[in-house]
Amino acid sequence: VIMARILHLESLLGVLKVKKNERVSCSFAVIDPILVKNSRVWKIHSREGEDMLTVTETEDSEGVLPIASLTSFLFGYRTLEEIKQEEGVILSAHLEEELGKLCILRRIYLNEIV
């Protein structure tokens, strides 16, 4: 079993890329019972023609993602369709569409053994 834990969500979101010819703008609440700094309402957006995301905190949320569900999606373990079925996940149609425009992480090598 492969496990990953996001230690600083804001930094991770900031290095994600947007698929070519796409633009992203959405917000979502993250629930992380262990690392409170990750538990925020995050807004991610990109500008036309840019593949980098800008990450800020906001008060308006289009959905809720427990950190485990978000992690499994961002690292490519599960699809959005799969995490929608998980307990605690709330995805609006717009949020699901916007998250689908992200280049998820694949072929990541972590050299930490716990």
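Below, each value reflects all heavy atoms present in this structure, side chains not excepted, and no hydrogens, waters or symmetry copies.
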Q. Quick one: does Ser69's side chain have a donor or acceptor within less than 3.5 Å of a partner on Ile83's backbone?
A. no

Q.
side chain to side chain contact (heavy atoms under 4.5 Å, CB included), that's the test. Do Phe28 and Leu99 meet it? Break it down for me.
A. CA-CA 10 Å; Phe28 50 91; Leu99 291 177; 4.1 Å; yes

Q) salt bridge (Lys or Arg N to Asp or Glu O under 4.0 Å) with Glu86: which residues, sequence neighbours excluded? A) Arg78

Q: Please report the shortest heavy-atom distance between Arg40 and Val36, naming the atom on each side.
A: NH1-O, 3.3 Å

Q.
Applying a strict under-4.5 Å side-chain criterion to I, L, V, M, F, W and Y, I'd like to know whether Leu95 and Ile31 cluster together.
A. no

(Q) Checking Ala29 now: which residues fulfil side chain to side chain contact (heavy atoms under 4.5 Å, CB included) with it, not counting sequence neighbours? (A) Val41, Ser61, Val64

Review item, side-chain donor-acceptor pairs of residues 42-49, under 3.5 Å, at least two apart:
from	atom 1	to	atom 2	distance (Å)
Trp42	NE1	Asn38	O	3.1
Ser46	OG	Val24	N	2.9

Q: Can you sort out the partners of Lys20 under side chain to side chain contact (heavy atoms under 4.5 Å, CB included), two or more places apart, ordered by chain and number?
A: none

Donor-acceptor contacts under 3.5 Å from residues 5-17 side chains, at least two apart:
from	atom 1	to	atom 2	distance (Å)
Arg5	NH1	Asp32	OD1	3.4
Arg5	NH1	Asp32	OD2	2.8
Arg5	NH2	Asp32	OD1	3.3
His8	ND1	Ser11	N	3.2
His8	ND1	Ser11	OG	2.6

Q: Report yes if the side chains of Ile34 and Ile67 come closer than 4.5 Å at any heavy-atom pair, otherwise no.
A: no

Q | Residue pairs passing the side chain to side chain donor-acceptor pair (under 3.5 Å) test where at least one lies in residues 92-101, sequence neighbours excluded | A | Glu62-His94, Lys84-Glu96, Glu98-Lys101

Q) Mind checking whether Leu105 and Leu65 sit in one hydrophobic cluster, side chains of I, L, V, M, F, W, Y counted as touching below 4.5 Å? A) yes

Q. CZ of Phe73 to CG of Leu80: how many Å apart, nearest 0.5 Å?
A. 4.0 Å

Q. If you round to the nearest 0.5 Å, how far is CG of Leu102 from CG of Asp51?
A. 11.5 Å

